[in-house]
Number of protein chains: 2
Amino acid sequence: MISIKNKLSEKGLKITPQRMSILEAIYSISHPTADDIIKFIRQEHSNIATGTVYKVLDTFVQKGLIKKITTDKDVIRYDSLLTHHHHLHSSEDVLIKDYIDEELDEILNEYFQKKKINGFKIEEITLQIKGKFNE
Amino acid sequence: MISIKNKLSEKGLKITPQRMSILEAIYSISHPTADDIIKFIRQEHSNIATGTVYKVLDTFVQKGLIKKITTDKDVIRYDSLLTHHHHLHSSEDVLIKDYIDEELDEILNEYFQKKKINGFKIEEITLQIKGKFNE
DNA sequence: TCTTTTATGAGAATTATTCTCTTTTAAGAA
DNA sequence: TTCTTAAAAGAGAATAATTCTCATAAAAGA
Ligand SMILES: [Mn+2]
Ligand SMILES: [Mn+2]
Ligand SMILES: [Zn+2]
Ligand SMILES: [Zn+2]
């Protein structure tokens, strides 16, 4: 898609088939691991080197095209949703869902406007909301 | 120490030198990785198998003696502070500090008492506060 | 002290990620 | 278009983090 190409060139990145596939994969899979992305790309398209995927993901994070998200597993996941949001983490399995709540963000902003944390300058607050998804 | 032994037996765990060392290490090091714990124990005391450390850490988490904490590295850290709290994550290095704020917790509890997340039952909310530590 | 269950150790295996080095390719210049 | 060149990708080895397997050791209650 033209928009994928645009996203790359906006960030001053060379357009390569690998980068386009990886970005498409991230947009198609919810909070994927590097391995999820590799499997997704290899289904249809050509082979891709795992090192390339890790390197490209790193570049994308650096350029702000995607974000890293943390879980209590030793694997890094990636997020294509760039606007500020939080995550619902299943306490039973590996499911993660986006949680967008501007009202909450407003409350937090107000709270930390008043209550300064001494010796620390806040850049971003992310909630990890752990719980159970019903059915 | 007697209290370390007590903590183990309270949870119905057999008291072993390895488990005592690991628990002492966790109490001595801030948010350690498994490897931090292994190095700490090996300084003074005897050797310990890495597999033992991972297995014991897992047991401790299961029994609620410690908690896992997540960072944006592919390594798991552990936390000995069991009362509900949040974390300040340095955006520059790997430093993590506990952040305890009951007033904030109260605000969050109230907020989510009203605002239900549909299809999801909250168990715990943890804030990852990313920013810079001054000097 | 004996018995049984559970834990530990050693080391191999697996998984996730990074690195090195060679070859390929995107993209601007000519 | 073709040429040039910096940047990217590929292959595969290396490293890091964690898990597994199975033989031995040792807690803890009988
Ligand atoms: Mn790793
Ligand atoms: Mn791993
Ligand atoms: Zn998300
Ligand atoms: Zn903590």
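Only heavy atoms go into these numbers, but all of them, side chains included; no hydrogens, no water, no symmetry mates. What you see is a predicted model, and the numbers here were worked out from it, not measured in a lab.
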Colleague: Regarding D79(A) and H87(A), do their side chains bring together a donor and an acceptor under 3.5 Å, going by distance alone?
Modeller: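 The criterion, which ignores hydrogens and geometry beyond distance, is satisfied for H87(A) and D79(A).
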Colleague: Of the options dT17(C), dG10(D), dT18(D), whose atoms approach the side-chain atoms of V75(A) most closely?
Modeller: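 Looking only at heavy atoms from C-beta outward on V75(A), the closest nucleotide is dT17(C).
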Colleague: Return the nearest nucleotide to the side chain of K14(A); candidates are dA11(D), dT18(D), dA27(C).
Modeller: dA27(C)
Colleague: What is the separation between atom CG on L13(B) and atom P on dA7(C), rounded to the nearest whole Å?
Modeller: 7 Å
Colleague: Take atom CG of D58(A) and atom P of dC19(C), then tell me their distance rounded to the nearest Å.
Modeller: 9 Å
Colleague: Spell out, as yes or no, whether a donor-acceptor pair under 3.5 Å connects the side chain of S90(B) to the backbone of K132(B).
Modeller: no
Colleague: Could you state the atom-to-atom distance from CD1 of I41(A) to C1' of dA9(D) in whole Å?
Modeller: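 Atom-to-atom, I41(A) to dA9(D), this comes out as 13 Å.
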Colleague: Looking only at heavy atoms, what is the nearest atom pair of T126(B) and H85(B), with distance?
Modeller: CG2-O, 3.7 Å
Colleague: If only side-chain N and O atoms of Q18(B) are considered, is one of them under 4.0 Å from the OP1 or OP2 phosphate oxygen of dA26(D)?
Modeller: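 Answer no for this pair, as no side-chain N or O of Q18(B) is under 4.0 Å from OP1 or OP2.
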Colleague: Between D74(A) (CG) and dA17(D) (P), how many Å, whole number?
Modeller: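 One finds 9 Å between P of dA17(D) and CG of D74(A), rounded.
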Colleague: Under a plain distance cut-off of 3.5 Å, with no hydrogens placed, do E123(A) and S91(B) share a side-chain donor-acceptor pair?
Modeller: yes
Colleague: Measure NZ/K73(B) against P/dA17(D) and give the value in whole Å, please.
Modeller: 11 Å
Colleague: What is the distance, to the nearest angstrom, from the CG atom on D36(B) to the P atom on dA16(D)?
Modeller: 14 Å
Colleague: Under a 3.5 Å cut-off for both contacts, is dA30(D) paired Watson-Crick or G-U wobble with anything, and if yes, with which nucleotide?
Modeller: dT1(C)
Colleague: On DNA chain D, does the nearest nucleotide to V56(A) precede the nearest nucleotide to K55(B) from the 5' side, or the other way round? Give the residue.
Modeller: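 Its nucleotide being nearer the 5' end, the pick is V56(A).
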Colleague: OP1 or OP2 of dA7(C) less than 4.0 angstrom from a side-chain nitrogen or oxygen of T16(B), does that happen here?
Modeller: no
Colleague: Among dA8(D), dA28(D), dA26(C), find the nucleotide with the atom closest to the side chain of P17(A).
Modeller: dA26(C)
Colleague: Return whichever of T50(B) or T33(A) has its heavy-atom-nearest nucleotide of DNA chain C closer to the 5' end.
Modeller: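 Closest to the 5' end, via its nearest nucleotide, is T50(B).
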Colleague: From the set dA9(D), dA27(D), dT8(C), return the single nucleotide nearest to any side-chain atom of T52(A).
Modeller: dA9(D)
Colleague: Just how far, in rounded Å, is P of dA16(C) from OH of Y78(A)?
Modeller: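 It is 12 Å, rounded to the nearest whole Å.
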Colleague: Is there a side-chain contact between N47(B) and the phosphate of dT8(C), meaning an N or O under 4.0 Å from OP1 or OP2?
Modeller: no
Colleague: Can you tell me if the side-chain N/O atoms of Y54(B) get under 4.0 Å from OP1 or OP2 in dT18(D)?
Modeller: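 Checking Y54(B) against dT18(D): at least one side-chain N or O falls below 4.0 Å of OP1 or OP2.
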Colleague: Expressed in angstrom and rounded to an integer, what is the separation of D72(A) atom CG from dT18(D) atom P?
Modeller: 12 Å
Colleague: Going by atom types alone, do H31(B) and D36(B) pair a side-chain donor with an acceptor below 3.5 Å?
Modeller: no
